[in-house]
There are 2 protein chains.
Amino acid sequence: MVTLAEVAQHAGVSASTVSYVLSGKRSISATTRQRVEQSIRELGYHPNAGARALASSRSNIVALMIPLRTDMYMPVMMEISIAVATAARGYGYDILLLTGQEGPDAVRRVTGSGLADGMILMDVQLDDERLPLLRTTKRPSVLIGLPADPSGLTCVDLDWSATGALCVDHLAGLGHRDIAVIGEAPGVYERHTGFAVRTLDGLRERARELGVRALHRPCEAGYDALAATLARIFDERPATTGFVVQNESAVEPLLSLLRQQGRAVPEDVSVVAICPDQVATQAPVRLTSVAIPAAEMGRRAMEQLVAKLEGRGSAEVALIAPELTVRASTGPGQV
Amino acid sequence: MVTLAEVAQHAGVSASTVSYVLSGKRSISATTRQRVEQSIRELGYHPNAGARALASSRSNIVALMIPLRTDMYMPVMMEISIAVATAARGYGYDILLLTGQEGPDAVRRVTGSGLADGMILMDVQLDDERLPLLRTTKRPSVLIGLPADPSGLTCVDLDWSATGALCVDHLAGLGHRDIAVIGEAPGVYERHTGFAVRTLDGLRERARELGVRALHRPCEAGYDALAATLARIFDERPATTGFVVQNESAVEPLLSLLRQQGRAVPEDVSVVAICPDQVATQAPVRLTSVAIPAAEMGRRAMEQLVAKLEGRGSAEVALIAPELTVRASTGPGQV
DNA sequence: TTGAAAGCGCTAACAC
DNA sequence: GTGTTAGCGCTTTCAA
């Protein structure tokens with residue numbers, strides 16, 4: 001293993017000079033720099049991460065806590081993770097992957113050991129049990145998601161409440177008066193997962209304002225579960241002409257079933273989805289949808305974290321405005 | 001920040017004693033151990049990761065390289081990652097998440113800096129450019145996937161070749177003579193991704209042995225792409241009665257289209273899928289399928305890696321035998 | 001069963 | 001612009 005001292009000797013300079021060439025923390029003459037860089041290349045030197053972390057008390061690692069659950073839509077989680085990791089490398093950080101299984105203990109462990117300089121948390125619940133810890137730790141953190149009380153925390157999230165409202169706006173604007181919401185699995189609401197609850201709240205409030213009826217039904221993954229849910233909906237509200245779907249695994253089954261039942265989309269029934277664009281555009285009917293900007297969320301979370309790590313930036317909530325793209329699944333309701 | 005020295009002082013013992021209590025590498029009297037553990041708890045001590053890594057030259061971190069691409073089925077990647085991370089914690093390791101974007105350089109960086117003690121690589125191509133490096137590095141690694149030449153490497157994978165053969169066996173056994181294979185996106189084959197190529201090879205060979213005709217068509221994600229692919233297949237081989245699908249995003253569209261065309265599954269046409277059980281059981285027709293044992297692959301990869309890290313275990317290929325579960329999507333072919 | 005002490009490789013004062 | 005050096009907090013001989 002090549003050490004900094006060996007590089008220094010090879011280049012005929014002192015250890016600190018090599019260190020400063022690497023960090024750029026003080027000016028170095030062009031010739032010295034070149035000599036050092038040459039030696040580094042020739043010897044194949046790589047700075048030792050542990051020694052660096054010990055001496056500088058910075059690991060250049062950021063922890064990312066992902067959910068362990070299987071009722072969340074994995075591609076979105078994955079896209080966020082990849083965006084975080086990619087952005088992190090751009091700032092010189094690596095990502096430590098933590099699953100939610102350790103819960104708050106993981107925060108303590110990572111934070112206490114100096115393993116990571118900061119952390120990003122996904123799958124935030126309204127009353128998340130990790131929050132008290134985050135507020136007291138000196139290590140910076142960023143949430144992807146918005147808890148009930150974000151005070152003292154930095155959060156990045158889609159504005160889910162506005163997303164719900166936007167869906168109603170669109171359908172109501174087209175003349176739909178009876179809307180059904182096909183939601184995430186029941187467990188998601190039972191855990192008080194922020195995005196699902198807020199979407200519903202925003203949607204219901206706007207519906208009330210506009211005098212539209214909104215019926216919400218959670219739905220497990222799979223064709224059969226959706227079939228049952230759909231049957232119940234038409235049973236309770238036969239006049240339903242508009243659907244809002246916030247459940248990726250329900251999208252295809254829904255379209256398929258409506259078709260089988262002879263309900264044409266968008267002539268008889270309109271569907272708005274809250275899902276990644278990829279899902280919306282790959283469905284049998286191109287779906288009018290509010291996109292989930294997974295990559296942007298990941299990227300912005302990392303940006304915020306770096307700002308905090310560098311002493312800039314502070315506790316704040318950054319909500320991304322939802323955008324609804326009209327495609328082929330929505331049309332006029334009753335005239 | 002609490003240090004080991006402070007704990008030692010508080011407990012009235014030497015630093016080395018505290019260290020040995022923590023590592024268990026030498027016997028400690030019960031009373032001493034209790035005193036030390038008490039102090040650790042009272043002071044809220046967490047060993048510093050950097051110092052540990054520096055002194056022991058082991059970071060207790062394992063790198064996991066995941067693909068950056070979006071044409072792989074994310075839920076499987078995610079499930080593998082979670083299984084790896086979960087297993088890792090059980091062995092006292094944390095996971096460093098690397099995306100494929102840095103390519104071989106990531107291997108060099110992580111390996112050279114001592115950031116990770118070993119690594120696990122996903123999305124392995126037959127002629128993967130990272131392999132030469134892995135063979136020469138002293139740091140242990142495990143591939144999830146099987147390259148063309150696995151010599152000197154440790155690999156864990158589903159036996160994809162046997163998987164392909166198994167699908168043909170099943171369909172041929174039911175009397176189908178004309179089989180169509182709906183595969184992954186073209187790019188997956190163009191990159192020579194191991195699992196896709198091997199599945200196809202195994203399938204074709206068995207088809208030849210059994211005198212069955214097999215037509216392979218790659219397929220991009222999405223409803224429209226599948227519709228085009230399906231049309232071509234029936235155009236070229238109108239007598240096709242059996243399908244093998246190795247493309248999760250094609251499953252629902254396929255069933256939906258067959259239904260629309262009046263081809264009943266399994267009465268007119270049989271479908272075997274190669275996909276996670278979750279996909280197979282949630283489809284509108286419960287699919288006969290060969291499961292992708294994502295969690296098992298992740299767990300076993302981590303097991304192998306730990307074995308190598310501890311000096312046990314060595315280069316070897318561990319193939320998981322495929323299992324075909326008969327469900328409702330396959331039935332007798334022409335009589 | 002325990003202690004003392006020499007590093008591990010790097011960073012960042014502090015000197016010049 | 002560059003060199004010297006004192007740690008960073010832990011592991012692990014060596015010695016008792």
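First the proteins, then the strands, lettered A, B, ... as listed; each starts at 1.
- B:Arg41 meets the salt bridge (charged side-chain N to carboxylate O under 4.0 Å, His left out) test with no other residue; sequence neighbours excluded.
- Evaluation of the salt bridge (charged side-chain N to carboxylate O under 4.0 Å, His left out) rule for B:Arg139 yields no partner, not counting sequence neighbours.
- Here C:dG9 presents its P atom at 14 Å from CD of A:Gln9, a figure rounded to the nearest Å.
- In this entry the distance linking CZ of A:Arg33 with C1' of D:dT2 reads 13 Å, nearest Å.
- If you take CG of B:Asn48 and P of C:dC8, they are 18 Å apart, rounded to a whole angstrom.
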Could you give the side-chain donor-acceptor pairs of residues 14-21 of chain A under 3.5 Å, partners two or more places apart or in another chain?
{"residue": "A:Ser14", "atom": "OG", "partner": "A:Ser16", "partner atom": "OG", "Å": "3.1"}
{"residue": "A:Ser14", "atom": "OG", "partner": "A:Thr17", "partner atom": "N", "Å": "3.4"}
{"residue": "A:Ser14", "atom": "OG", "partner": "A:Thr17", "partner atom": "OG1", "Å": "3.2"}

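- Atoms CG (B:Leu54) and C1' (C:dA6) sit 13 Å apart, rounded to a whole Å.
- For B:Arg108, the salt bridge (charged side-chain N to carboxylate O under 4.0 Å, His left out) partners two or more places apart in sequence, or in a different chain, are B:Asp105.
- Under a 4.0 Å N-O distance rule, the pair B:Asp128/B:Arg130 qualifies as a salt bridge.
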Please list every donor-acceptor pair under 3.5 Å in which a side-chain atom of residues 75-85 of chain B meets a protein atom from a residue at least two apart or in another chain.
{"residue": "B:Ser81", "atom": "OG", "partner": "B:Met77", "partner atom": "O", "Å": "2.8"}

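- Considering only side-chain N and O atoms, B:Ser27 lies under 4.0 angstrom from the phosphate OP1 or OP2 of C:dT1.
- Per the geometry, CZ belonging to B:Arg58 stands 12 Å off C1' belonging to D:dT11, to the nearest Å.
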Sugar-phosphate or base contact per nucleotide [nucleotides 11-16 of chain C; S, B, -; heavy atom under 4.0 Å]: SBBB--
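- A donor-acceptor contact shorter than 3.5 Å is absent between the side chain of B:Gln304 and the backbone of B:Ala301.
- The residue A:Ile28 sits close only to the backbone: its heavy atoms come under 4.0 Å of sugar-phosphate atoms, none of a base.
- Residue B:Arg35 is the one, among B:Arg35 and A:His46, whose nearest nucleotide of DNA chain C lies closer to the 5' end (criterion: closest heavy atom).
- For B:Thr3, no side-chain nitrogen or oxygen approaches OP1 or OP2 of D:dG9 to under 4.0 Å.
- At a non-hydrogen distance threshold of 4.0 Å, nothing from residues 109-116 of chain A comes into contact with DNA chain C.
- Taking A:Glu102 as the reference, A:Arg109, B:Arg89 meet the side chain to side chain donor-acceptor pair (under 3.5 Å) condition, with sequence neighbours excluded.
- Residues meeting the salt bridge (charged side-chain N to carboxylate O under 4.0 Å, His left out) test with B:Asp157, sequence neighbours left out: none.
- We find that CD1 of B:Ile40 is positioned 13 Å from C1' of D:dC10, with the value rounded to whole Å.
- Atom CE of B:Met1 is separated from atom P of D:dG7 by 17 Å (rounded to the nearest Å).
- Where the helix from C:dT1-D:dA16 to C:dC16-D:dG1 starts and where it ends, the local axes point in directions that differ by 30°; five pairs per end, rounded to 10°.
- Counting only residues at least two apart or on different chains, the salt bridge (Lys or Arg N to Asp or Glu O under 4.0 Å) pairs with a member in residues 13-36 of chain A are A:Arg33-A:Glu37.
- A:Asp117 places a side-chain N or O within 3.5 Å of a backbone atom of A:Asn60 that can act as its donor or acceptor partner.
- Residues passing the ring pair (Phe, Tyr, Trp, His ring centres under 6.0 Å) test with B:Phe195 are B:Trp160, sequence neighbours excluded.
- Across all strands shown, B:Ser57 has no heavy atoms under 4.0 Å from either base or sugar-phosphate atoms.
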